[in-house]
Every structure is written in C-alpha cells, then in structure tokens.
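In what follows, a structure is listed as structure tokens, so that the remarks can point back to it.
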Amino acid sequence: MMFSKSYDFIQGDSPLLVSMPHSGLQLTPQVANTLVPEALALPDTDWHIPKLYDFLGSMNVSVLQANYSRYVIDLNRPKDDKPLYSGKTTGLFPHISFNEKPLFVQGVPVDKAYQQACIEQIWWPYHQQLIQELARIKQKFGYAILFDAHSVKAQVPMFFQGTLPDFNLGTNDGASCASKLLHAAQKSLLNSAYSQVSNGRFKGGHITRSHGQPIHQIHAFQLELSQATYMHDKDIYSLDSHKCAEVIPQLKKLIEALLACNPTHQ
C-alpha cells in the first residue's frame, strides 16, 4: 500500500520542538469511502492549529505537522492501542467520534493489513522524526523540550462534564516534564483573560508520555487549547479573527517563556 507524505517538518535552531499530530485533514481512500456523511467533515480535528502557531518560524522553532487525519490513524495513541485513560477514550484507529456516534458505515470489515500499513507508513515515521529531532536538539543544547499542540471543543460530554478551561496543560502528572518548565508556562498565563488548569482531564497523550523523559533531559508537555478561544461559536470550524488577535499573542508569550527556561539550571 502506498501513502503520500505523512508529515511536514521544518527544522529550527532552538531547544524547542512543536508537534501537531491532530491538525491533518488528509484521508486515505479506504477511510474516505467508508466514513458516514457527518464524519466526512472531520469534526474532531484540532482545527487551525498551524495557523495559530504561524509565528514559530520567526522564533526558529522546529515544527512537525501531521498531514493525515486522526480518523486514518491517531498519532497520539500507542501503536499497541492500549487505553490512555480509565474513562472513555478513542483509539489508534477511532471508530466513534467525540459525540459518541459511529464514524464508519455499519458492516465495513476491518482490514488488518491496511491498519498495519498505516502504522508502518504514517504512525512510525512521525514518531521516528520526533525521536531524531529531540535527540539532535538535546545534543546541541543539552536538553530538549517537546510541546504537543492540540485543541478541543469547550464542551465534550464524552470526556468531561461542563466547560473546559481555556488552556489545559498536561505533563502526565509531572512525569514527562521538569516542574520549572510547567511553572514557566503557568506563569505566562497569569494576569491574562484566560483560565488554565494543569493535569486536569487532559494529562498528555501518548506523545507526551512516551517522549518526555526528564531524567534524560527531554521534557514534554501537551497543551489542549479550548476552541472557544479562537473559533466562531456558530460558524462551524471557522476562525474568529477577533478571538485570534487575543489568543495568538498569549500563545506566543507561552512559547517565549519555554524558550527562556533552561531546565538544566537550578
């Protein structure tokens, strides 16, 4: 089975790598031809994340961006598909959406050979690039920081009750990142118009948990940004320019705080 390029990568010259595993929109024919009509709109995408972080190039930050949709294969899940949370979650090959409705037409058989090809040609290359770039960064700077950039609807009853805070930081309860880096991120959000929480419902997915190794000076954390901070309330999946004008400077301030924080210094 042949796949197109699974990711785009731009190498920077700083201690930071930003990963965007859920912003991809591309589908394979196998998925496009079997999704139910509602799912073809890709509602669970991390919408517009590359646009929100467009400033990263001017900051010389490395960026890794997935091209395929999470409906093809979820890059933020382990390849053995073990659940990340004790509650409800979606898997390596999602079959339900965040609104708990089926993604695929009923009766479509599972093609194990196709799934294995997705792992080998989409999932694994992305993670190989993460590993290689983090190793290169660490070799040059003595440490590396991985920032896994995500977004989510403000209300997703499948995962949580009520409304999410605006900025949801996750470090696997402190296991994937030095505390001083998390504190720097938290401090950058103080005195802003945005609410924040650390290691709440979102503690970091597989990328954060597997690549974050503070004992080896590789630090990782995830940001789940509420889509209410930058998208229209009623126009489906569209950016709100006024909201973006507020939240993008805050995101830039957070990235600047990470770049200024050397976790190897006491």
Side-chain angles (χ1 to χ4, degrees), residues 7-8 16-26 39 41-56 61 63-77 84-85 88-90 94 97-99 126 146-160 162-171 185-186 188-189 192-209 220-255 258:
Y7 63 82
D8 289 321
L16 182 63
L17 166 62
V18 174
S19 162
M20 304 177 182
H22 288 160
S23 61
L25 300 174
Q26 192 169 326
L42 309 181
D44 300 328
T45 300
D46 288 4
W47 290 103
H48 309 296
I49 287 295
K51 291 184 179 179
L52 289 181
Y53 291 90
D54 189 51
F55 57 82
L56 291 173
V61 169
V63 180
L64 180 61
Q65 177 187 336
N67 288 331
Y68 280 100
S69 167
R70 67 190 303 167
Y71 289 172
V72 174
I73 187 169
D74 194 328
L75 300 173
N76 204 27
R77 299 293 183 268
L84 291 173
Y85 297 99
K88 293 180 180 179
T89 187
T90 54
S97 64
F98 289 175
N99 62 11
Y126 192 90
L146 172 61
F147 181 93
D148 211 34
H150 296 261
S151 74
V152 66
K153 293 178 182 177
Q155 296 179 332
V156 187
M158 174 181 173
F159 296 144
F160 52 84
T163 301
L164 271 180
D166 299 319
F167 283 71
N168 300 268
L169 299 170
T171 64
Q186 293 169 328
S188 74
L189 296 168
S192 74
Y194 299 103
S195 57
Q196 64 167 297
V197 68
S198 297
N199 293 307
R201 175 58 181 86
F202 296 102
K203 301 177 185 294
H206 176 68
I207 289 174
T208 303
R209 300 180 192 199
F221 70 91
Q222 175 177 293
L223 171 63
E224 285 280 2
L225 179 67
S226 170
Q227 292 176 354
T229 65
Y230 68 92
M231 289 173 65
H232 281 289
D233 296 328
K234 296 181 180 179
D235 293 341
I236 297 178
Y237 313 137
S238 64
L239 286 170
D240 184 317
S241 60
H242 297 291
K243 290 181 179 179
C244 286
E246 298 288 337
V247 78
I248 289 175
Q250 191 62 57
L251 289 170
K252 187 175 182 181
K253 186 176 180 181
L254 192 160
I255 295 296
L258 295 178

ring-ring contact (aromatic ring centres under 6.0 Å, His included) involving H22 - partner list, sequence neighbours excluded: H150
Plane angle bin for F160 and F202 - parallel if under 30°, tilted between 30 and 60°, otherwise perpendicular: perpendicular
Sequence-distant partners of D74, salt bridge (Lys or Arg N to Asp or Glu O under 4.0 Å), two or more places apart: R70, R77
With E246 via side chain to side chain contact (heavy atoms under 4.5 Å, CB included) - residues at least two apart: Y194
Non-neighbouring partners of K51 that pass salt bridge (Lys or Arg N to Asp or Glu O under 4.0 Å), sequence neighbours left out: none
side-chain hydrogen bond (donor to acceptor under 3.5 Å, both in side chains) against S238, all qualifying residues, sequence neighbours excluded: none
Side chain to side chain contact (heavy atoms under 4.5 Å, CB included) partners of N67, counting only residues at least two apart: K5, D8, Q26
Side-chain donor/acceptor of N199 to backbone N/O of T171, under 3.5 Å: yes
Test side-chain hydrogen bond (donor to acceptor under 3.5 Å, both in side chains) applied to S69 - qualifying residues, sequence neighbours left out: none
Test side-chain hydrogen bond (donor to acceptor under 3.5 Å, both in side chains) applied to S192 - qualifying residues, sequence neighbours left out: none
Residue list, side-chain hydrogen bond (donor to acceptor under 3.5 Å, both in side chains) with D54, at least two apart or on another chain: none
Derivation of the side chain to side chain contact (heavy atoms under 4.5 Å, CB included) call for L251 and F167: CA-CA 10 Å; L251 289 170; F167 283 71; 3.7 Å; yes
Basic-acidic side-chain contact under 4.0 Å: R209, D148: no
Residues that Y68 engages under ring-ring contact (aromatic ring centres under 6.0 Å, His included), provided they are two or more places apart: none
Sequence-distant partners of S188, side chain to side chain contact (heavy atoms under 4.5 Å, CB included), two or more places apart: K253, L254, A257
Residue list, side chain to side chain contact (heavy atoms under 4.5 Å, CB included) with A66, at least two apart or on another chain: L75, Y126
S97 and D44: side chain donor to acceptor below 3.5 Å: no
